[in-house]
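Input: a single structure, listed below in structure tokens.
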Amino acid sequence: MSRSTYGKPFKTIPEQRQLLESRGMTIPDHTAAERWLGSVGYYRLSGYWYPYRVRTQAAGAPPVIGDDFQPGTSFEQIVELYDFDRTLKLLVLDAIESVEVAMRLRVGHTLGRRGAFAHTDPNMLRPSSSG
């Protein structure tokens with residue numbers, strides 16, 4: 001089996017934090033940042049710092065997203081954005097679960113009225129079915 005080469009070397013958690021700092025991210029609390037990088041992961045968090053990366057665009061060319069961060073970008077901002085997204089996801093899932101339970105109840109109740117085994121007959125889901 002042939003393996004292709006991969007240009008990015010392995011980086012420890014402290015090296016990942018240092019890389020972010022070298023690219024302009026402000027990280028006052030190294031311990032907390034390394035805890036986040038160690039528990040959530042560099043690449044999962046990278047989606048949240050993507051909008052903070054410096055963009056350049058030459059006339060008539062598409063924008064180029066660089067590796068450096070816009071001035072003032074902090075690790076704390078990234079964590080706050082991650083937490084906001086996580087909370088929003090949980091709220092949406094909670095709302096969806098309520099709708100799902102209500103729909104399941106209505107379908108079950110409607111089919112139950114049509115017979116004990118109505119759930120085994122796809123025709124029973126049609127409004128024109130008797131029952």
Side-chain angles (χ1 to χ4, degrees):
M1 171 187 344
S2 135
R3 292 183 185 230
S4 60
T5 58
Y6 185 69
K8 294 184 178 184
F10 172 82
K11 291 199 180 318
T12 64
I13 300 296
E15 289 171 334
Q16 292 172 9
R17 182 209 22 97
Q18 290 167 357
L19 179 62
L20 293 171
E21 287 181 310
S22 75
R23 292 177 173 173
M25 186 181 288
T26 304
I27 306 176
D29 188 342
H30 291 179
T31 303
E34 289 176 13
R35 215 172 315 136
W36 274 96
L37 290 167
S39 63
V40 175
Y42 182 96
Y43 288 101
R44 182 166 184 89
L45 289 171
S46 70
Y48 297 94
W49 64 60
Y50 186 84
Y52 296 96
R53 291 167 58 182
V54 173
R55 289 164 178 71
T56 56
Q57 186 171 11
V64 175
I65 315 270
D67 290 330
D68 291 334
F69 295 102
Q70 297 171 18
T73 301
S74 71
F75 194 81
E76 184 177 291
Q77 285 174 302
I78 307 312
V79 168
E80 287 173 0
L81 189 56
Y82 174 83
D83 273 339
F84 171 80
D85 184 55
R86 191 174 150 274
T87 301
L88 180 61
K89 243 183 279 191
L90 292 172
L91 290 170
V92 168
L93 286 173
D94 185 53
I96 289 171
E97 190 263 348
S98 298
V99 171
E100 180 221 348
V101 168
M103 288 299 298
R104 211 171 346 132
L105 171 76
R106 294 188 77 166
V107 168
H109 192 75
T110 300
L111 289 175
R113 228 186 346 246
R114 294 178 180 184
F117 297 101
H119 65 283
T120 64
D121 183 358
N123 293 320
M124 286 293 165
L125 290 173
R126 295 192 179 120
S128 61
S129 297
S130 61

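Note that the structure is predicted; figures quoted are calculated from it, not measured.
- In plain terms, the two heavy atoms of Q57 and P63 that are nearest each other are NE2-CD, 3.7 Å.
- Every residue was checked against the salt bridge (Lys or Arg N to Asp or Glu O under 4.0 Å) condition with E97, not counting sequence neighbours, and none meets it.
- H109 is not listed as a side-chain neighbour of R106, based on a closest heavy-atom distance of 4.5 Å or more.
- Residues I96 and L105 do not share a hydrophobic cluster, defined by chaining ILVMFWY side chains whose heavy atoms lie under 4.5 Å apart.
- Other residues sharing the hydrophobic cluster of Y82, ordered by chain and number and joined by side-chain separations under 4.5 Å: I13, L19, L20, M25, I27, W36, L37, V40, Y42, Y43, L45, Y48, W49, Y52, F69, F75, I78, V79, L81.
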Exercise. May I have the step-by-step check of side-chain contact (heavy atoms from CB on, under 4.5 Å) for E80 and D83, ending in yes or no?
Key: CA-CA 5 Å; E80 287 173 0; D83 273 339; 5.8 Å; no
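- Take F10 and apply the side-chain contact (heavy atoms from CB on, under 4.5 Å) test, not counting sequence neighbours, and it matches T12.
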Exercise. I would like to know whether K11 and Q18 meet side-chain contact (heavy atoms from CB on, under 4.5 Å); could you show each step before the answer?
Key: CA-CA 10 Å; K11 291 199 180 318; Q18 290 167 357; over 6 Å; no
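- Within a 6.0 Å sphere centred on CD of E76, heavy atoms belonging to other residues, nucleotides or ligands number 12 at most.
- Distance check, rounded to the nearest 0.5 Å: CZ of R114 to CG of N123 gives 10.5 Å.
- Evaluation of the side-chain contact (heavy atoms from CB on, under 4.5 Å) rule for V99 yields M103 as partners, not counting sequence neighbours.
- Residue pairs meeting the salt bridge (charged side-chain N to carboxylate O under 4.0 Å, His left out) criterion with at least one member in residues 30-55, sequence neighbours excluded: R17-E34, R53-D67.
- The shortest heavy-atom contact between P9 and G7 is CD-O, 3.5 Å.
- The salt bridge (Lys or Arg N to Asp or Glu O under 4.0 Å) search around K89 returns D85, not counting sequence neighbours.
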